[in-house]
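Report on the following structure.
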Amino acid sequence: MRDSHDIDVVDLFVIGGGINGCGISRDAAGRGLSVRLAEMGDLASATSSASTKLFHGGLRYLEYFEFRLVREALIEREVLLRGMPHISWPMRFVLPYHKDMRFESDTPTSKLLTKVMPWMKGRRPAWLIRLGLFMYDHLGGRKILPGTSTVSLKGTPEGAPLVDRLETAYEYSDCWIEDSRLVMLNARDAEARGAEILTRTKVLSATREGNLWRIDTQDTETGEMRTHRARMLVNAGGPWVGDIIRSKVRLNTREGIRLVRGSHIVTRRLYDHDKCYFFQGTDGRIIFSIPYETDYTLIGTTDAAHEDPSQRPVCTPEERAYLLEFANRYFKRSIDEDDIVWSYSGVRPLYDDGASSATAATRDYTLKVEAEGGAPLLNVFGGKITTYRRLAESALEKIGEHLTVAEGPWTAGVPLPGGDFPVDGVDRLVSDLASAHPYLSPFHARRLVRAYGTEAAEMLKGAKTLADLGEDFGATLTATEVTWLMNKEYARTAEDVVWRRNKLGLRLSEDEVARLDRWMDAQRRAVAAAE
Ligand SMILES: Cc1cc2nc3c(=O)[nH]c(=O)nc-3n(C[C@H](O)[C@H](O)[C@H](O)COP(=O)(O)OP(=O)(O)OC[C@H]3O[C@@H](n4cnc5c(N)ncnc54)[C@H](O)[C@@H]3O)c2cc1C
């Protein structure tokens, strides 16, 4: 029972508006806890907008014997897909095979094989890939996603863009996810269930005062300071998790975090079909090549040690060269620097399990509660976008050891905003939207459904012509959409809009983005003046 005098004390204060902070907030708010989340930048402004954007089991983790993680992630793909069929969809992955593909030398599988089959000299045999794919097909209780098949690369669309020496490939399923929209929709749903979401709010310090936490924050736009009180603190700071423990909460800990940078490059569309490639290297690593935003191809990723979370990650010239060279071992038409239209980079906050290389460090998550000095603190280490919902459930189990959590797990299959339609219902929604709004181009209608799902109709309600959608910022972005993003989706700047609420930054010129920024700034001032 809550007393009237502690009305402003929340049950949970969550630091970090990435996927883990927003996922935990949504789950907790839905179970009746009072929740406040502080994010120092925009939602998903760090790692959670810089991923490869896959709901995947992680085929390569099987070589590290990470069976728990792979199984959980495989099962999770379809659970997630059902709850967000607008921002997530199945993809087929084509994995060409040739005999020079090698293991990273310190995977448990590689070590085992070197012992029993020394003549393989670190090569990854075809039977092993088939075994991995068999496990991938059967570990995860697939119902929607098709299983593995073999594809010829001779005279087929899948083989057309690839070098001639490749003859056969395996094909398997995983899912695409719009990572930054996923984060924002979790935040919105958390708010709809009573949570308070504070963006541009930095946590400066968190101190135990008996059974409560006192948390001091600063609004990064106005400089305004605020003090909050909470029964439990959740540190979902991603790459900053260690920094928060040491310099905001000021605790000594033995838990370590390993920061591993991963970069991607984006080129104009490199091939005509809608499948992805899974390319294996001779260094034991793999990269993906993925059809991206209709007209582009996404290639990544790298694994490089990253020392300091406050150092903004960028795709270095070495990483660009590495990705180009890797892809060029597979593509018939060689690609170079001039083909790159954009690149991005993110830092994986991996739990430090003492692995020798960045590639080998575990991708599983670890939750640790610190309750010795009074009010409890939950630290979140590692994790993947794919396992965020399960991570949130595990977090709620831990939270339940310290706070009264009356309700059990509830998020499986519960739609996120706009996701309340069948998994195969996107085409239907697009044609309904296009008939109700015949002035939309096919690209525009599909883009809106893929971003907003069933809410696209609500956004366009009452509009009879394109002019009714207000100012046109280019690339189908209109004032109606930007107003929606500012009012409902926490967007503050043009960068939030064109890189995290959508990817129209790929299509808009610098001048167009600057004009959008000025327009948004004027809107914000008008709102502030009216308050
Ligand atoms: C290159 C790359 C590719 C990946 N690909 C995939 C993939 O395909 N599939 C998959 O499942 N996973 C993938 N991942 C993993 C996944 O992206 C991450 O595990 C996940 O995004 C981490 O989320 P998070 O919430 O823990 O961290 P973040 O998203 O980094 O969120 C932490 C937030 O805390 C905020 N914060 C920090 N300190 C403070 C403070 N003092 N006050 C207020 N806020 C603060 C930060 O601003 C940040 O927004 C990939 C990761 C990388 C880097």
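Positions are given from 1 along the sequence. First listed ligand is number 1; within each ligand, the first listed atom is number 1.
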Notebook entry, point to check: Do the non-hydrogen side-chain atoms of Pro96 and Tyr170 ever get within less than 4.5 Å of each other?
Noted result: no
Margin query: Looking at ligand 1, is there an atom of it that comes within less than 4.0 Å of some heavy atom belonging to Arg261?
Written below: no
Notebook entry, point to check: Where's the contact between Ala236 and ligand 1, heavy-atom distance under 4.0 Å: side chain, backbone, both or neither?
Noted result: backbone
Margin query: Given Gly383, Gly21, Gly262, identify the one with the heavy atom nearest to atom 19 (O) of ligand 1.
Written below: Gly383
Check: Applying a 4.0 Å heavy-atom criterion (strictly less than), which segment of Asp179 is in contact with ligand 1: side chain, backbone, both, or neither?
Finding: neither
Checklist line | Pairs involving residues 217-246, ordered by first then second residue, that meet ring pair (Phe, Tyr, Trp, His ring centres under 6.0 Å) (sequence neighbours left out) | finding: Phe13-His228
Item checked: Asn20 N/O under 3.5 Å from ligand 1 N/O -> yes
Notebook entry, point to check: Got a salt bridge between Asp219 and Arg200, using NZ or NE/NH1/NH2 to carboxylate O under 4.0 Å?
Noted result: no
Check: Would you say Phe134 has more than 12 foreign heavy atoms packed within less than 6.0 Å of its CZ?
Finding: no
Notebook entry, point to check: Within the structure, does Gly346 bring an N/O atom to less than 3.5 angstrom of an N/O atom in ligand 1?
Noted result: no
Check: Taking both backbone and side-chain atoms of Ile19, is any N or O found less than 3.5 Å from an N or O belonging to ligand 1?
Finding: yes
Item checked: Salt-bridge criterion met for Arg500 and Asp496 (N-O under 4.0 Å) -> yes
Notebook entry, point to check: Is Glu72 paired with Arg390 through a side-chain N to carboxylate O contact shorter than 4.0 Å?
Noted result: yes
Item checked: ligand 1 atoms in contact with His264 (distance to a heavy atom under 4.0 Å) -> 1 (C)
Margin query: With a 4.0 Å cut-off on heavy atoms, is Thr201 in contact with ligand 1?
Written below: yes
Notebook entry, point to check: Taking N or O atoms only and a 3.5 Å limit, does Thr52 qualify as a polar contact for ligand 1?
Noted result: yes
Checklist line | Option set Ala38, Pro349, Ser51, criterion heavy-atom distance to atom 6 (C) of ligand 1, minimum | finding: Ser51
Next item on the list: Could you list the atoms of ligand 1 found under 4.0 angstrom from a heavy atom of Ile244?
Entry: 38 (N)
Next item on the list: Note the single closest protein heavy atom to atom 44 (N) of ligand 1, along with its residue, its atom name and the distance in Å.
Entry: Met40 N, 3.1 Å
Next item on the list: Pick, from Thr47, Val14, Thr302, Leu198, the option with the minimum heavy-atom distance to atom 18 (C) of ligand 1.
Entry: Thr47
Item checked: Ser48, any N or O under 3.5 Å of ligand 1 N or O -> yes
Checklist line | Cys22 contact mode with ligand 1 (heavy-atom cut-off under 4.0 Å) | finding: neither
Item checked: Sub-4.0 Å atoms of ligand 1 with respect to non-hydrogen atoms of Thr386 -> 9 (N), 10 (C), 11 (O)
Notebook entry, point to check: Which is closest to atom 12 (N) of ligand 1 by heavy-atom distance: Ile385, Thr387, Ile290?
Noted result: Ile385
Check: Below 4.0 angstrom, N of the basic side chain to O of the carboxylate: do Glu293 and Arg268 qualify?
Finding: no
Next item on the list: Start with the C-alpha distance between Lys384 and Tyr365, add both sets of side-chain angles, then the distance that settles side-chain contact (heavy atoms from CB on, under 4.5 Å), and finish with yes or no.
Entry: CA-CA 8 Å; Lys384 299 199 50 76; Tyr365 54 83; over 6 Å; no
Notebook entry, point to check: Is Glu39 in polar range of ligand 1, meaning some N or O pair under 3.5 Å apart?
Noted result: yes
